[in-house]
Protein chains: 2
Amino acid sequence: MSGKRSLIRSGTTVDQMVRAIGDRIVTGFLRPGEKLDEASLAARFDVSRTPVREALGRLSAMGLVERRPNRGATVAVVTQEHLASMFESMAELEAICARFSAERMTAGERRALEIEHQASARLVQLAAEEDYEYFNTEFHTRLYRGAHSKHIYELTVMTRSRLAPFRRAQFMLPGRLAKSWQEHDVIVTAIMRGDSAAAGKAAKDHVSIVSEASAVFAAVDPRKPATEAIGMSS
Amino acid sequence: MSGKRSLIRSGTTVDQMVRAIGDRIVTGFLRPGEKLDEASLAARFDVSRTPVREALGRLSAMGLVERRPNRGATVAVVTQEHLASMFESMAELEAICARFSAERMTAGERRALEIEHQASARLVQLAAEEDYEYFNTEFHTRLYRGAHSKHIYELTVMTRSRLAPFRRAQFMLPGRLAKSWQEHDVIVTAIMRGDSAAAGKAAKDHVSIVSEASAVFAAVDPRKPATEAIGMSS
DNA sequence: CGAAAGGCAATTGCATACACTTTTTGCCTT
DNA sequence: AAGGCAAAAAGTGTATGCAATTGCCTTTCG
């Protein structure tokens, strides 16, 4: 417990813990309501309780875990109402980002957005869900940045990360890929011609649809068989 | 350092620290950019470094302090751009709350909103800035709650608390009180007749005006003479 | 037989000690 | 005299130990 932990990649130990535990929550490996025992986690990751506590604190701030004084931490339980509330917020936030992007994006940002978007069309034809997911995230991040408002960006990214556990399976639905791309296309077109109202509406509708698509999977709670051993990976 | 700390009011030690340090930042007692030394804080509040670290972590999550690995914590420095971004976000968020409130408030909530609002008219005539400030906060909180969306509520309250240091002096401007009440009146009227678009616009404009009023005071950074001794109070 | 009270085990909260990183300071070299 | 390097000092990150709170189990009394 005192020797150097082997080949630690980046950041402080706490960062590792946050990623490690956060991943397991986001991927449903740790189930909502599950108790997160400090000592156990410390033993699992071969660190002391101190960084574990700090990691739990951060995860709590992120809304991934709930903490009650003297009663330990548990994986956050998200009610159906709260989930709906988050998706709703997400739709509004994305709408704001799209509106602002339509008004404020630089010529360079607009070009980059369009190029990336067109490039991703190929992935739709190949039905490359994994890769498309990556481009999808990129696409939305461009919108958030394009708003040129640091605080909006923060709120949006935060909300997105909270929703992550419930968005995993959205592209599994048949035909969702092509539909997603077309919705993106509407947004891009509106942004390119600087039509903020249209961009906002398109973005809002887009998220609303994702929300409905995800609702299916939210009904069944996001858990998995989960037998794999725990260790620090990403 | 080991004896019971006298008559601690509520919550854990960390909560006390968060309130204590947070207050001093929000009130400008601790200045932006000022270094927050763990050992010094621990000594000042007569606790060990452990709760101080946790408190700084939470304050960092709130955006009140900035933390860089191995380099300690400082009171968050808010640039003019970031401040503008926060006010802008606030305007958008309040607009959302007002829109939702117009659509979703129960009859009881609407009644309470109107009654409170009418009652506060008296404070305007008395030019009771302090009391009006209290009602003002109440009023806006009602809007946030009326949206019936937990997540929007959280985002809005969070943003408001971050803006707190820069809003203190807004009612010092002559005539601001009456103007504020009239703007509230427009919002209330719109909500009462369920006109979400009008409510949203009115709320947005209201915040925008507050933003401009506050900008004057943001130029001079929010510091005070600050000679009072430090200790845990609220 | 049930309920309440008290004690015991488990777990969290805080304190202290140690290790590692960053920064400062003073000396040496150019 | 100025710049750079090295060692020490300061400060953060982590580990460990102790105190305090919580929840459960047992025991006892109605």
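Hydrogens, waters and symmetry mates play no part in the numbers below; they use all other heavy atoms, side chains included. Proteins get letters first, then strands, A, B, ... in listed order; numbering begins at 1 in each. All values derive from a computational prediction rather than experimental measurement.
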Q.
So if I take residues 60-70 of chain A and measure heavy-atom distances to DNA chain D, which residues fall below 4.0 Å?
A. A:N70
Q) Does the side chain of A:K35 get closer than 4.0 angstrom to OP1 or OP2 of C:dA10 through an N or O atom? A) no
Q | A:E81: partners by salt bridge (Lys or Arg N to Asp or Glu O under 4.0 Å), with sequence neighbours left out | A | none
Q | Selection from D:dG11, C:dC14, D:dT16 that lies nearest to any side-chain heavy atom of A:S48 | A | D:dT16
Q. In whole angstroms, how far is the P atom of C:dA17 from the CZ atom of B:R49?
A. 12 Å
Q) Partners of A:R142 by salt bridge (Lys or Arg N to Asp or Glu O under 4.0 Å), sequence neighbours excluded? A) A:E116, A:E138
Q. With B:E92, which residues qualify under salt bridge (Lys or Arg N to Asp or Glu O under 4.0 Å), at least two apart?
A. A:R99, B:K204
(Q) Whole angstroms only, please: what is the CG-P distance between A:L56 and D:dT14? (A) 14 Å
(Q) Is A:T50 close enough to D:dA15 that one of its side-chain N or O atoms is under 4.0 Å from OP1 or OP2 there? (A) no
**Q.** Watson-Crick/G-U partner (both atom distances under 3.5 Å) of D:dT27
**A.** C:dA4
Q. Roughly, in whole Å, what's the span from CE in A:M17 to C1' in D:dG13?
A. 14 Å
Q: Grab the CZ-P distance between B:R53 and D:dA15 for me, whole Å please.
A: 12 Å
Q) Between C:dT22 atom P and B:R71 atom CZ, what is the distance in whole Å? A) 6 Å
Q) Could you state the CD-P distance from A:E54 to C:dG13, rounded to the nearest angstrom? A) 14 Å
Q) Considering all heavy atoms of both residues, which atom of A:V52 and which atom of A:L41 are nearest to each other, and what is their separation? A) CG1-CB, 3.9 Å
Q. Does any pair with a residue in residues 103-113 of chain A pass salt bridge (charged side-chain N to carboxylate O under 4.0 Å, His left out), and if so which ones, sequence neighbours excluded?
A. A:R104-B:E88
(Q) Let's see if you can work this out: which of D:dT14, C:dC14, C:dG13 has an atom nearest to the side-chain heavy atoms of A:E38? (A) C:dG13
Q) Aromatic ring centroids of B:F139 and B:H184 under 6.0 Å? A) yes
Q) What pairs meet the side chain to side chain donor-acceptor pair (under 3.5 Å) rule with one or both residues in residues 58-71 of chain A, with sequence neighbours excluded? A) A:D15-A:R58
